[in-house]
Amino acid sequence: MSWDIVIGIETHVQLTTQTKIFSGASTAFGMPANENACLVSLAYPGTLPVLNKEAVKKAIKFGLAVNADIAEYSVFARKNYFYPDLPKGYQISQFELPVVNNGFLTIGDNKKIRILRAHLEEDAGKSVHGILNNQTGIDLNRAGTPLLEIVTEPDMSSAQEAIAYAKKLHNLVQWIGVCDGNMQEGSFRCDVNVSVKPSGSEKLGTRREIKNLNSFRNMEQAINYEVNWQIEQLEDGNEIIQSTVLFNPDTGETKAMRSKEEANDYRYFPDPDLLPLKINQEDIDDIKSSLGELPEASIKKLIEDFKLNNADASIITSNKQTYEFFQSLISEGLDPKITANWIVVNLFAKLNDNELSIEESPINKNQFVLLIRRIMDKTISNNAAKKIFDLLWEDSHADVDQSIEVLGLKQVSDSSTILPFVQEVIANNQAMVEQFKSGKDKAFNALVGQVMKLSKGKANPGQVSEILKDELNKA
Amino acid sequence: MKNLSLRELNLGLSNKKFSSEELTKFFLNEIKTSNPKINAFITVDEEKSLQQAKDADKRISQNDMNELTGIPIAQKDIFCAKGWKTTCASKMLDNFYAPYDSKVIELFNQHGAINLGKTNMDEFAMGSSNETSYYGEVRNPWNLDYVPGGSSGGSAAAVASGMAPAATATDTGGSIRQPASLCGLTGLKPTYGLVSRFGMIAFASSLDQAGPIAKSAEDCALMLKVMAAHDERDSTSIKHNVPDYLKNLDSPINGKTIGLPKEFFNDDLNQDIKVILEQVIDSYQKIGVNFKEISLPNSHLSIPVYYVIAPAEASSNLSRYDGVKFGYRAEEFKDLEEMYLKTREQGFGDEVKRRILVGTYVLSAGYYDAYYLKAQKIRRLIANDFKNAFNECDLILAPSCPSTAFKIGDKTEDPVAMYMQDMYTISTNLAGLPAISSPAGFLNKMPVGFQLIGNYFDEATILNFTHQYQQITDWHQKTPEADV
């Protein structure tokens, strides 16, 4: 029997505001415990929430970026439950009327993943176990950090699609500057709802929600495990019980933590301490005008205007910094294809090997521009350029032109220098010349190789090909 | 000094008849004498009060003085005051010293008023008799066997007994007006949003509103002038130009119209109180005020609606008292859940628990629509009734309470009978309207009050009408000492 996989994702995105969503306390990460716990964060008697308008702006920005409706009127509600890291005994969230509705993202070959809603809410604090003899400590630094919870429809049908969506979302929220995207610090947290049903069946299966996924690799592993587990259960005649499961990265397994029957009744009701959130068209228009170019448009531009291929365009728009770097290079008059190739192949290889982001790259922009310019004006070959690039990586003060001189990498392009090499190779490799004449193209490349070798790699390969072709025709 | 109005105290201070220190000492001494039998104060801190008095005297000597500088004011123990124990009359907060000032306290401090002490109240402002306090019941200065009303019973009893010239209070369903009525005082609940709730410990956020309890409309006007201010730290605080409430007090009111809701003046109204209210109407007619019957058709739903909404909000507001961060924590427990259970079991009194249970119930899945949502809809209807009524009149006259003060212990076994105490006051909280209770006479030597309800932000008119009444009557000048 074959099965359909149905996946929906809820993502908690920490919004990059200076202060918390309902108080003036700092949102800085990594502070000593409770350093950012102001009286509001601590839920002291008499304290009241005051909405941070920046958080609202960022929510609107996100909504616009996913083609969603921005609600003119939305409501903050209280989600009531007891937990030590939830100081008020309720979380302020949006329930019936969220600020963002009905958006979508596209993945792969234009598959639409619908975004049902995105709502603003506050983060909880953290319990810290085992610091004092058998006692649990509470760190409320994170309590009140603004979150945008983004909920999709169950539109994904494989782990790959789920990862594609999550990565796209991850890129987008950083691109538009609403989230720093740091998964390890919990700035971007995905909960994945997975169910399976017999192929073609209309009726959705019972879902389980996987939590604790702090990397895309974990997410993929968890979904695959969960899907197989559910199929196995169903094929064995067992029923799936709706529940929340935790992914254990050590074992690669998912395990139920609580079932729906034990679920809390959160007793949602509108928070009487906060007025309904009213957003007017003017605010929306303001934010819209500051939104800038989105990744989709950037990819299109790269493919249509700069004639890049799809793969290179995707890589260059995989984050905003790379795209902006690329654009700044092009604005210097560099050839888009050569530049894209250099970023995608050489720069990214080095960055990945060293686990660096593009902002951390040791190569400075001006050197990079000059290097590519030297390829374009045929001063050096691509191979020679790689040597200079390695040098620049190690020594950010190295001078491109000087290094070309010192290393003797200057390419030879004038035919009077190349011609004798070509003639020498033809004379010494008659067998290969014969092979070429009998139609073996490979022989031609081998001859070019011989010329290059003879020129110690300095001859311009394009020049070499042309001259070689001419000479072979004469011979 | 005991029976002087705030204006007279202000004059005395500015004419150097007495210093703030002398004045404060006088009232601290009154507290020493009277509080043991009345129990109106939970916390008195002579040192702190006298230090403020000295600071005030300095201001006065430098002519840096306004209406309340140097005058001691009793503060309901619901307002956080920095460095003061702030209990909300609950065991849960018996060890809680507020690390910050509420907006109301901040404003009194800025004006140079003296915090005379923190007054007793029903626990978390839940009650109509001041019998639910962890610190024991407050006694009515007019008869010590009787309750002073609640929840601001301590504030009312402190002023009525002459321990304080005026006091702050809060009103969620009648907690200013009912004790003012039962203690022969003037108490004003302002429009929701006029006085900041920042630092005021929440009972039911959409209904809670702070206001004064004092000896006259004039004193209330002065107090409100200080208390009313926009505050960005309270999202429900409304930006509103605060008028000088004193300025309008003497405006003539002849030709104006007061509405009489037929739903309040029906057979359910205590006949003796009805007679007193008719005398009030008579007094107003003598100075040219017209009366007109109006209708508030949904007012009979006020109590049930209130006892859905208020407990719902309270059940959530009081979740923070869990023993984790501040306040009481049970001494022995084996795990987290037991810590929660024992802390809340031991830290809250019965009435608070009752309301948390009711509130939790009405918000529960499956009951929310039938109770909470329905109650909110009816709340809107009740507000609309008033809106329509104010098309026909300037103010509405109503009883303050269904009866005079009752004996301590009389209603403690019957919560519903207790809840009925607020039958005439609750609808204005639901609508968010301002209303005052003013003394209007006595029944069996216990005070009776009447209520004037105004349109949104029309406190000036309410105070004007009340002041005009108090110019032609002297009920507000009676004191337990002289008149019992």
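It should be emphasised that the depicted structure is a prediction, and the values quoted were computed from it without experimental measurement. Letters A, B, ... mirror the listed sequences (proteins, then strands); counts begin at 1.
Contacts with chain B were tallied for A/P45, A/S23, A/P272, A/G24; A/P45 has the most, counting heavy-atom pairs under 4.5 Å. Between chain A and the options B/S102, B/S316, B/G323, B/S315, the largest number of non-hydrogen pairs under 4.5 Å is found for B/S316. Each of A/A43, A/P49, A/G89 has some count of heavy-atom pairs under 4.5 Å with chain B, and the biggest count is that of A/A43. For chain A, the option among B/M339, B/R197, B/M200 with the highest count of heavy-atom pairs below 4.5 Å is B/R197. Between chain A and the residues B/S319, B/C88, B/A204, B/G199, the largest count of heavy-atom pairs under 4.5 Å involves B/S319. Chain A forms the most heavy-atom pairs under 4.5 Å with one residue out of B/Y321, B/F79, B/Y372, and that residue is B/Y372.
Paired with B/T236 under the rule side chain to side chain contact (heavy atoms under 4.5 Å, CB included), one option of A/L274, A/L275, A/L48, A/D273 passes, and it is A/L275.
For the atom pair B/D322 CG and A/L86 CG, the distance stands at 9.0 Å (nearest 0.5 Å). Rounding to the nearest 0.5 Å places CZ of A/F82 at 9.0 Å from CG of B/L341. Atom CZ of A/F269 sits about 8.5 Å away from atom OG of B/S206, to the nearest 0.5 Å.
Side-chain contact between A/R78 and B/N317: present, with at least one pair of heavy atoms (C-beta onward) separated by less than 4.5 Å. Looking at B/P99 and A/L39, their side chains come closer than 4.5 Å, going by heavy atoms from C-beta outward. In this structure the side chain of A/Y90 reaches within 4.5 angstrom of the side chain of B/R320, judged on heavy atoms. Looking at A/Y268 and B/Y368, their side chains never come closer than 4.5 Å, going by heavy atoms from C-beta outward. Annotation: side chain of A/L51 is not in contact with side chain of B/S235 (no heavy-atom distance under 4.5 Å).
Interface residue B/Y192: only side-chain heavy atoms are found under 4.5 Å from chain A. Heavy atoms closer than 4.5 Å to chain A are found nowhere in B/L207, neither backbone nor side chain. Only the side chain of B/L93 has a heavy atom closer than 4.5 Å to any heavy atom of chain A. Neither the backbone nor the side chain of B/E337 comes within contact range of chain A; no heavy atom of the residue lies under 4.5 Å from a heavy atom of that chain.
In the displayed structure, B/F457 atom CZ is contacted under 6.0 Å by more than 12 heavy atoms of other residues, nucleotides or ligands. Few gaps surround NZ on B/K91; more than 12 heavy atoms of other groups in view lie less than 6.0 Å from it. B/K342 NZ: more than 12 foreign heavy atoms inside a 6.0 Å radius. More than 12 heavy atoms of other residues, nucleotides or ligands sit less than 6.0 Å from atom CD of A/E185. The environment of A/E72 atom CD is sparse: at most 12 non-hydrogen atoms of other residues, nucleotides or ligands sit within 6.0 angstrom. Dense packing is recorded around OH of B/Y100, with more than 12 heavy atoms of other residues, nucleotides or ligands lying under 6.0 Å away. Atom CD of B/Q110 has more than 12 heavy atoms from other residues, nucleotides or ligands within 6.0 Å. The neighbour count for B/Y97 OH, taken as heavy atoms of other residues, nucleotides or ligands under 6.0 Å away, does not exceed 12.
Judged by distance alone, with hydrogens and angles left aside, the side-chain atoms of A/D265 form a donor-acceptor pair with the main-chain N or O of B/A365 at under 3.5 Å.
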Report the C-alpha separation of A/R267 and B/T360 in whole Å, then their side-chain angles, then the decisive distance to 0.1 Å, and conclude whether the side chain to side chain contact (heavy atoms under 4.5 Å, CB included) test is met. CA-CA 8 Å; A/R267 290 173 282 121; B/T360 304; 3.6 Å; yes
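Separation of the B/F96 and A/Y44 ring centroids falls under the 6.0 Å cut-off.
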